Each structure stands twice: as structure tokens, then as C-alpha cells.
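Have a look at the structure below, then the notes.
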Amino acid sequence: MKKLIKNGTIVTAADTFQADLLIEDGKISQIGTNISAIGAEIVDAKGCLVLPGGIDPHTHLDMPFGGTVTKDDFETGTIAAAFGGTTTVIDFCLTNKGEPLKNAIQTWHNKSKDKAVIDYGFHLMIAEINDDVLNELPYVINEEGITSFKVFMAYKNVFQADDETLFRTLVSAKEHGALVMVHAENGDVIDYLTKKAVAEGKTEPIYHALTRPPELEGEATGRAAKLTGLADSQLYVVHVSCADAVEKIAEARSKGFEVWGETCPQYLVLDQSYLEKPNFEGAKYVWSPPLREKWNQDVLWNALKSGQLQTIGSDQCSFDFKGQKDLGKDDFTKIPNGGPIIEDRVSILFSEGVKKGRINLNQFVDITSTRIAKLFGLFPQKGTIAVGSDADIVIFDPNIERVISAETHHMAVDYNAFEGMKVTGEPVSVLLRGEFVIRDKQFVGKPGSGQYLKRAKYSMYTPLNQNETLSI
Ligand SMILES: [Zn+2]
């Protein structure tokens with residue numbers, strides 16, 4: 001059935017304009033005024049912004065970590081994402097050394113297939129490089145459409161890969177057309193500082209932050225950027241938290257290296273002092289990298305504004321406070337890392353960014369959707385409002401005020417890291433490929449209706465390929 005979205009203000013990464021939008025067969029078929037659409041369902045977007053669906057490039061749904069598993073899976077996680085105006089997620093598929101990549105990918109398909117309510121793709125973790133892995137990469141890229149690889153420079157003896165693995169991954173990514181993502185912290189030094197703190201009886205949550213100082217994020221970011229330059233490859237630094245790392249990314253970019261940076265809402269609005277909350281509450285704020293001293297927030301906002309950082313991911317990785325976070329009650333090293341953010345990523349960026357004048361409306365769309373689609377081979381199918389693109393649309397009321405709370409959120413987890421925070425702006429209705437997932441703030445989607453996305457190969461700003469020609 002056709003739908004005609006009327007009376008809204010369309011916002012893309014480039015433009016803001018009043019127009020109506022016709023949806024046919026799940027795609028945007030016309031943009032303009034006075035569109036005649038006999039038989040179309042009329043959707044009134046008066047007073048609202050009409051945005052391309054948000055794309056969250058960084059989620060961990062149904063992920064095992066530290067002897068437990070994230071609370072939100074592909075069903076609850078993507079429902080919460082949809083409420084927040086996100087219509088695509090790219091989740092991290094974990095791999096184990098010695099295990100065929102194909103098996104790991106199948107595990108992630110099994111986790112997501114009948115559960116996701118929005119579209120999704122996978123990044124693939126590279127734990128080691130050997131002939132088996134190298135031989136499988138063409139399959140991963142060409143058959144599975146997984147065109148981004150994640151290398152961990154931290155989490156020693158768990159996920160951490162050595163520099164040889166990182167460098168060879170960068171070289172292969174260049175050869176095959178993939179983007180390498182890094183968790184950039186110096187895992188060896190963190191491991192030493194962590195053991196030393198525990199031996200000295202420093203076991204409270206704040207020591208999680210104090211044993212992972214910003215210098216170690218800056219150092220690893222700089223090292224990864226240098227290796228990228230040497231390999232003439234491309235790099236995406238996930239969850240940039242501090243000035244030390246922003247400087248290294250800016251330096252690499254000034255040399256012409258293809259280095260991109262993502263930050264997350266938590267680093268933009270929360271700070272290290274949260275880890276000192278009494279009664280073990282600090283555990284709710286344990287992320288890696290950790291929350292930083294507050295002054296770093298201005299540096300991150302400025303980097304988003306100036307384009308030194310390009311995207312915002314949620315790093316959704318939710319664990320209950322009771323029963324999961326408290327595994328680390330007597331030892332901060334046992335607190336599962338991460339938090340529930342998938343739902344409020346877009347709203348926080350709008351409220352704290354656009355409403356407070358830190359970024360403009362078009363930058364907001366670019367940072368939460370368009371640039372992510374371009375970097376991860378989804379553009380122009382996703383990430384914009386254009387004729388021929390998927391009708392992934394968010395009807396967003398820019399004036400609604402609400403308070404973020406675990407009482408009202410849709411994630412499966414028992415707390416919200418942004419509890420009590422006032423935000424302005426909220427998605428009212430969300431469409432995925434032309435069908436409502438959220439309608440007038442009610443979930444009307446169906447688990448399993450999200451489709452797996454095979455993504456195009458990396459190239460700086462993906463060119464149109466034959467199948468996805470825009471007909472403007
Ligand atoms: Zn992550």
C-alpha cells in the first residue's frame with residue numbers, strides 16, 4: 001500500500017525543506033509538493049521533522065561477556081532502537097581463535113533472524129590472522145556482505161589482538177575493500193595497572209577508570225592510525241572518549257590518512273565522577289574506554305562539529321545492575337563493561353547537540369545516519385531521504401520534552417545510565433521500508449521483520465552501484 005507523508009519538514013545531511021513524500025513498495029518514490037496519490041494512506045507529519053532512519057553502527061546484542069550475556073537481545077534491543085528512531089543496527093559478530101569465521105557468522109544469524117524488528121548487518125571480529133582466516137575473507141565480504149572488521153587492542157587474554165594481527169588486517173582490508181574498526185586502548189599497560197590496583201586493594205568501580213587513563217587510548221589510537229598510514233588502508237576508531245584520541249585522529253587526517261572516528265552519547269554527557277557514586281552505583285557507568293573528566297566533552301562536541309569525528313554509535317551492551325553488574329561488587333575487574341543506550345542515542349544527540357546549538361540539524365542527520373551508511377556500504381539504500389532509497393523514515397517531534405528513565409524505556413535492563421535526564425525531541429512514528437514499526441509511540445512491528453543487510457565494499461563515500469541507481 002502507498003503512503004503519503006504530508007506537511008513535514010524533510011531533513012537530510014544536506015538540506016532542510018518542506019515537502020511531501022510518497023512511499024511505494026517500501027521505497028521512496030516521490031518527493032515534492034502536490035503529489036497526487038490516489039488510494040495512498042495519508043500520514044500527517046505537521047510540526048514534525050521527517051528524518052532518514054537512524055543507523056547505529058555499534059551494538060552488542062545477545063553478546064557473551066565475562067561469564068554472562070547482555071540483557072538485550074535482537075528482539076528487545078531492536079524494539080528499543082526503533083522507539084528511539086533507529087531503523088538499522090550493525091552488530092559485532094564475535095569470533096573465536098581456531099573457529100571458522102563461517103560458524104561465528106552463522107551463530108550471529110541464528111541470534112538475529114527471527115527476532116530483529118529493524119534491519120541489521122554485522123561487523124566481524126578478527127581475533128587472529130592466519131591462512132585459514134585469509135582464505136575465508138573473500139567469502140565473508142562477497143557472500144555475507146560483511147565489509148568491516150573489528151580488531152581489539154585491549155582486553156588482554158580475552159579479545160586483544162597483537163599489532164601484527166592489526167597490521168595484516170589493515171593490509172587485507174585494503175586489498176578486499178573493507179573498513180577496519182579498532183577498540184583503541186593499550187591493553188598490555190591496562191592489564192598491568194589493573195593487576196597492580198587489585199593487589200593494592202583498590203577494588204571500587206572508580207579504579208576501572210583510573211587504570212585505563214586517556215593516555216593509553218591516545219597511544220593506541222595513534223599507533224593504529226600510523227599502521228593505517230603504513231598499510232595505506234582505512235580505519236574507523238570506535239567509541240572515542242577523550243581529547244588524547246581526538247588529537248591523534250585529527251593528526252592522521254591532516255596527513256591524508258583515511259581515519260574516521262565515532263563517539264558515543266555517554267562520553268558526550270556523562271563523566272568520570274559518575275563512577276564514584278556510592279553503594280556500588282558507579283558500576284552502572286563502567287564502559288571501556290571509561291568515562292573521562294568532564295572537560296573532554298567539549299573536545300568531543302567540537303570534533304563532531306568540525307568533522308574530525310564523524311559518527312555516533314551507542315555501544316549498546318546492556319547488563320542488569322542486579323545480578324550482572326554486581327558480579328564485580330568486590331572487584332571492579334569483574335564488572336561487565338557496557339551500558340544500555342540503543343534507545344536514546346538519537347534523542348540525546350538532538351537534544352544536547354541541535355537544541356543546544358553545538359551542531360546543526362543537517363550535521364545531526366549526517367552523524368546519526370548518513371555518514372554511517374556511507375562508511376559501511378549501505379548508502380544510498382539507507383541513510384538518506386531520496387527517491388529510490390528504502391523508506392526508513394522517522395517522524396520526529398522536535399519539541400516534545402521527556403525525562404529518560406528505566407521506568408519508561410523499552411530495553412530489557414533494570415536501570416538507565418541517563419536516568420532523570422531531560423531531553424527535548426522524540427520520534428513519534430518510525431517506518432521501516434514503508435511499514436510502521438512505531439506508530440504514535442506504540443510498537444506495531446513484528447519480530448523477524450528486520451532484514452539482514454549485505455553491505456557494499458568500502459570505498460570513501462560508496463559510489464552508486466548498478467542495482468541502486470538513484471532516479472532523481
Ligand atoms: Zn563496543
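Order of listing sets the numbers, starting from 1, for every ligand and every atom in it. All values derive from a computational prediction rather than experimental measurement. Keep in mind that the numbers below use all heavy atoms, side chains included, and drop hydrogens, waters and symmetry copies.
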I'd like to check S288 versus Y155 (side-chain heavy atoms, cut-off strictly below 4.5 Å). Are they in contact?
yes
N/O/S atom name from D315 that is nearest to the position of the Zn ion (ligand 1):
OD1
What's the NE2-the Zn ion (ligand 1)-NE2 angle here (H58, H60), rounded to 10 degrees?
100°
Metal site the Zn ion (ligand 1): N/O/S of H239 inside 2.8 Å
no
Short check: any N/O/S atom of H183 below 2.8 Å from the Zn ion (ligand 1)?
no
We want to know whether T194 and D191 form a side-chain donor-acceptor pair, criterion being a heavy-atom distance below 3.5 angstrom.
no
Flag, side chain of Q316 to backbone of P340, donor-acceptor distance under 3.5 Å
no
ring-ring contact (aromatic ring centres under 6.0 Å, His included), that's the test. Do Y285 and H208 meet it? Break it down for me.
CA-CA 10 Å; Y285 307 95; H208 172 78; over 10 Å; no
